[in-house]
K.L.:
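Sharing a structure here in structure tokens format.
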Amino acid sequence: MADLTELPRRSVWHGWGDPGQVRPLPTGGWPLLKFLGRVEPAAHDAPPVALAEVRLPEVRLSEAARAALVAVVGDEHVSTDRLDRVEHAGGKSYADLYRLRTGDGSRAPDAVVFPGTSREVSGLLAACVEHEVAVVPFGGGTSVVGGVDPVRGRFAAVISLDLRRLNRVRGVDPVSQTAVVQAGVRGPEAEAVFQQHDLTLGHFPQSYQQATLGGYLVTRSAGQASSGYGRFEENVVSVTMATPTGELVIGGRAPANETAAGPKLLDVVIGSEGLLGVVTEATVQLSRRPTIEHQESWALRDTPTGFAAFRDLAQELGRGIMPDVARLSDHDETTTVMAQAGLAGMAGMGRVRARGWREPALAVFQLEDGDKATLRFRRRRLAAVLKRHGAVKLTDSIAEHWMTGRFRGPYQRDHLMDRGVFVETLETATTWDNLEYLYDAVRSAIVTATGRGWVQCHVSHLEGGGASLYYTVMASAEADPIAQWRRIRTAAGQAMIDAGGTITHHHAVGTDHRRWMRDEIGDGGIRILRAVKAELDPTGVLNPGKLIPDDEG
């Protein structure tokens, strides 16, 4: 058993991640924004307020409720300290960070509680039911859709239930290639243990450095290498979840997805976002750790041509042959990525411009393997499909540069916010036949709602039936950035639904998307969710205000 309790958990309460990992914006970043002509960063930084200046509400937790929590975990694990409350006042969306940066801590929980065992989680839930206290499960706190907002609902008080002490890899089975993990273990911590056995989970979302495996599970996360390793949910074998009505253990008698014993109840837990219970432990399926990682860069004439090429990659090659990471940037994102790649990007752009391509689309790939001959075969198949669509091979250093910096995006957002730049990401997915229509519709809606700004998009997470679209929006912050954020997100979300896309591919629902859940799953689906909620959490203390829409829709 690997005990990771002593690993540091440094984080920035007003931004992203480990302060030791902060890097300056890439050379040319500010000139690039000005060159684009649609974003006007401020001349000087406007840093966040000091921690002492964050305005917090009074603690509403009763003495009796606090005593009940202390009786379960001990006084040292029930905190009303300023830093703990601020760190748990929300997730990492633009709106969450803007509020804290400007001193608005009004959404902070009344207390933060740190259980150390599954039994303690169950005990805390019982105490909160008895004293009518809302409970918000908290892993890495990386939600960008309001999933960890401390909403009180009808309850007098709300606690954030932080799972950082449940951070062990309890065991690895190299024969079945599975591991038993606690919900609070972070991606890098777990991966370090897996790789000691020459295994990998292969799950690397952009939130990888901060997110937890429990968070992956309850949000149906998809890592950047999902085209090779699958979404996280595909690799869940069993789950243990504490609920107000008792502990729930599902799965474990057969490999993942290899049983016909009734409906797949694992799917009731996966994606449940903390509304039905608190996941404390899971068994996950691993894969052999690759010994070779190879990156490639290609360019296609335009975005629609790229859509067609990526569809053929997914449908003709399939998982195991097509690249593990496959990402197609539209023309605007291509401009950004090429500029950040320096001389290699400039040379690549020059090459495609020489062919008369006015709006080229950049494709970057990573292929992971344990055998050189197999890798060569996969590369030949990749090249054959791309060349059939007229693609041009570029220097691999462009893709290598992107892979090296793929976890830096959230850190760069902090720099942009320092200079008064609004920046947000949104994602959706659809079938291949609808992909171009959805791309155009959502992009148009975002551009209209943004006004003067920069909107870019990429395609990723390829499947035989379709793929994901991921948009990044930058604009000069308006006088009321929260209203600006709300306007843009609402326009984009409605466009996704109207154009036949899903409201979320891998960011989950939280508070931000739940207004569209009825459009997504229908009245019958809402009734099913409410019925399961009533069975497992009859008093409704778990994560109020998330996932399931109100009766009025």
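Atoms considered below: every heavy atom in the structure, side chains included; atoms not considered: hydrogens, waters and symmetry mates. Every value quoted in this text rests on a predicted model; they were computed, and no experiment measured them.
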K.L.:
Examine the side chains of Trp454 and Gln456 and answer whether a donor and an acceptor come within less than 3.5 Å of each other.
P.N.:
yes
K.L.:
Any side-chain donor paired with an acceptor under 3.5 Å for Asp104 and Ser106?
P.N.:
yes
K.L.:
Check this for me, if you would: do Asp550 and Arg514 make a salt bridge, where the nitrogen-to-carboxylate-oxygen distance has to be below 4.0 angstrom?
P.N.:
yes
K.L.:
Taking only residues at least two apart or on different chains, which pairs with a member in residues 297-317 satisfy salt bridge (charged side-chain N to carboxylate O under 4.0 Å, His left out)?
P.N.:
Asp312-Arg388, Glu316-Arg388
K.L.:
Just to verify, what does Val447 make a side-chain contact (heavy atoms from CB on, under 4.5 Å) with, not counting sequence neighbours?
P.N.:
Arg443, Val455
K.L.:
Indicate yes or no: at least one non-hydrogen side-chain atom of Leu201 is less than 4.5 angstrom from one of Gln285.
P.N.:
no
K.L.:
Do the side-chain N and O atoms of Thr490 and Arg515 include a donor-acceptor pair separated by under 3.5 angstrom?
P.N.:
yes
K.L.:
Got a donor-acceptor contact below 3.5 angstrom from the Thr502 side chain to the His505 backbone?
P.N.:
no
K.L.:
With sequence neighbours excluded, what pairs up with Asp433 under the side-chain hydrogen bond (donor to acceptor under 3.5 Å, both in side chains) test?
P.N.:
Thr431
K.L.:
Given Ile548, which of Arg530, Glu273, Met517 fulfils the side chain to side chain contact (heavy atoms under 4.5 Å, CB included) condition?
P.N.:
Arg530
K.L.:
Just grab all the salt bridge (charged side-chain N to carboxylate O under 4.0 Å, His left out) pairs involving residues 535-549, residues at least two apart or on different chains.
P.N.:
Lys533-Asp537
K.L.:
Is there a side-chain contact between Arg419 and Asp45 (heavy atoms, below 4.5 Å)?
P.N.:
yes
K.L.:
For residues Gln224 and Ser460, is any side-chain donor paired with an opposing acceptor at under 3.5 Å?
P.N.:
no
K.L.:
Only counting residues at least two apart or in another chain, list the ones meeting side-chain contact (heavy atoms from CB on, under 4.5 Å) with Thr430.
P.N.:
Asn434, Leu435, Leu438
K.L.:
Looking only at side chains, do Ser226 and His461 share a donor and an acceptor under 3.5 Å apart?
P.N.:
yes
K.L.:
Are side-chain N/O atoms of Trp516 and Gln494 paired as donor and acceptor at under 3.5 Å?
P.N.:
yes
K.L.:
Using the side-chain contact (heavy atoms from CB on, under 4.5 Å) criterion, which residues pair with Pro48? Sequence neighbours excluded.
P.N.:
His14, Arg101, Asp418
K.L.:
Taking distance alone, no hydrogens or angles, what donor-acceptor pairs closer than 3.5 Å link side-chain atoms of residues 464-474 to residues at least two apart or in another chain?
P.N.:
residue: Ser468; atom: OG; partner: Thr428; partner atom: O; Å: 3.1
residue: Tyr470; atom: OH; partner: Thr425; partner atom: OG1; Å: 3.2
residue: Tyr471; atom: OH; partner: Tyr439; partner atom: O; Å: 3.0

K.L.:
Quick one: does any side-chain atom of Thr334 pair with a main-chain N or O of Leu362 as donor and acceptor, under 3.5 Å?
P.N.:
yes
K.L.:
Side chains of Ser476 and Glu40: any donor to acceptor distance under 3.5 Å?
P.N.:
no
K.L.:
Counting distance only, does the side-chain N/O of Arg85 pair as donor-acceptor with the main-chain N or O of Val112 below 3.5 Å?
P.N.:
no
K.L.:
If you apply the rule side-chain contact (heavy atoms from CB on, under 4.5 Å), what do you find for Asp110 with Ile159, and how did you get there?
P.N.:
CA-CA 6 Å; Asp110 296 293; Ile159 65 165; 5.5 Å; no
K.L.:
Quick check: closest heavy atoms across Ala242 and Val121, and the distance to 0.1 Å?
P.N.:
CB-CG1, 3.7 Å
K.L.:
Do Arg319 and Asp324 meet the salt-bridge criterion of a basic N to acidic O distance under 4.0 Å?
P.N.:
no
K.L.:
So, using side-chain contact (heavy atoms from CB on, under 4.5 Å) as the criterion, who are the partners of Pro538 when residues are at least two apart?
P.N.:
Thr245
K.L.:
Could you walk me through whether Asp480 and Glu478 pass side-chain contact (heavy atoms from CB on, under 4.5 Å), step by step?
P.N.:
CA-CA 5 Å; Asp480 186 347; Glu478 298 175 358; 5.8 Å; no
K.L.:
Might you point out which heavy atoms bring Pro205 and Phe407 nearest each other, and give the distance in Å?
P.N.:
O-CE2, 3.2 Å
K.L.:
Side chain to side chain donor-acceptor pair (under 3.5 Å) for His401 and Arg406? Distances and angles first, verdict last.
P.N.:
CA-CA 9 Å; His401 181 274; Arg406 60 180 171 154; over 6 Å; no
K.L.:
As a quick check of understanding, evaluate side-chain contact (heavy atoms from CB on, under 4.5 Å) for Asp512 and Arg489, giving each step before the final call.
P.N.:
CA-CA 8 Å; Asp512 296 353; Arg489 289 200 66 97; 3.9 Å; yes
K.L.:
Taking the six-membered ring for Trp, is the centroid-to-centroid distance between Tyr229 and His203 below 6.0 Å?
P.N.:
no
K.L.:
On a heavy-atom basis, which atom in Pro244 and which in Leu542 lie closest, and how many Å separate them?
P.N.:
CD-CD1, 3.6 Å
K.L.:
Would you mind telling me which of Leu217, Leu163, Thr212 makes a side chain to side chain contact (heavy atoms under 4.5 Å, CB included) with Val279?
P.N.:
Leu217
K.L.:
Show every salt bridge (charged side-chain N to carboxylate O under 4.0 Å, His left out) that has at least one partner inside residues 206-221, sequence neighbours left out.
P.N.:
Arg220-Glu233
K.L.:
I want to know whether Tyr216 and Tyr208 have ring centres closer than 6.0 Å.
P.N.:
no
K.L.:
Is the closest basic N to carboxylate O distance between Glu333 and Arg327 below 4.0 Å?
P.N.:
yes
K.L.:
For a quick test of reading the model, state the closest non-hydrogen atom pair linking Leu100 to Trp13 and the distance between them.
P.N.:
CD1-O, 3.4 Å
K.L.:
Answer yes or no: is there a side-chain heavy-atom contact under 4.5 Å between Val39 and Val421?
P.N.:
yes
K.L.:
For a quick test of reading the model, state the closest non-hydrogen atom pair linking Trp432 to Glu463 and the distance between them.
P.N.:
NE1-O, 3.0 Å
K.L.:
Mind checking salt bridge (charged side-chain N to carboxylate O under 4.0 Å, His left out) for Asp330 and listing every partner two or more places apart, or none if nothing turns up?
P.N.:
none
K.L.:
What are the two closest non-hydrogen atoms of Thr219 and Gly215, and how far apart are they?
P.N.:
OG1-O, 2.7 Å
K.L.:
Going through the distances and angles, do Met322 and Phe365 end up as a side-chain contact (heavy atoms from CB on, under 4.5 Å)?
P.N.:
CA-CA 9 Å; Met322 72 173 172; Phe365 303 101; over 6 Å; no
K.L.:
Can you find a pair of side-chain heavy atoms, one from Leu97 and one from Met417, that are under 4.5 Å apart?
P.N.:
yes
K.L.:
Which atom pairs, one a donor and one an acceptor, fall under 3.5 Å between side chains of residues 137-151 and the rest of the protein, sequence neighbours left out?
P.N.:
residue: Ser143; atom: OG; partner: Val145; partner atom: N; Å: 3.3
residue: Ser143; atom: OG; partner: Gly147; partner atom: N; Å: 2.9
residue: Asp149; atom: OD2; partner: Arg107; partner atom: NH1; Å: 3.2

K.L.:
With rounding to the nearest 0.5 Å, note down the distance linking CG in Asp162 to CG in Asp84.
P.N.:
8.0 Å
K.L.:
Go through the structure and list residues passing ring-ring contact (aromatic ring centres under 6.0 Å, His included) with His513, not counting sequence neighbours.
P.N.:
none
